[in-house]
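Reading through the structure tokens given below for one structure.
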Amino acid sequence: MIDQDVARLWADHHEAFSRWVDNAARGVGNAFRALNRIQYQAPWQTISRGRARH
């Protein structure tokens with residue numbers, strides 16, 4: 001009985017769950033890319049433009 005309920009829930013909601021996982025993974029990837037840009041930013045490029053490094 002529990003397997004039938006779980007199978008029905010998965011059939012009804014697997015697309016929404018997959019979209020949520022995709023969005024969460026994309027958000028984590030974007031956060032790591034932003035942190036990487038901040039950490040490895042070349043200070044000589046920002047000083048000549050007159051803006052802060054962060």
Quiz item: Hey, what's the ring geometry for H14 with W10, parallel, tilted or perpendicular (30° and 60° as the breaks)?
Solution: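 Tilted.
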
Exercise. With sequence neighbours left out, write down each residue that passes side chain to side chain donor-acceptor pair (under 3.5 Å) with R26, or none if nothing qualifies.
Key: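 D22.
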
Quiz item: Residues two or more places apart in sequence or in another chain: which of them pass side chain to side chain donor-acceptor pair (under 3.5 Å) with R33?
Solution: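 Scan of R33 (side chain to side chain donor-acceptor pair (under 3.5 Å), adjacent residues dropped) gives N30.
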
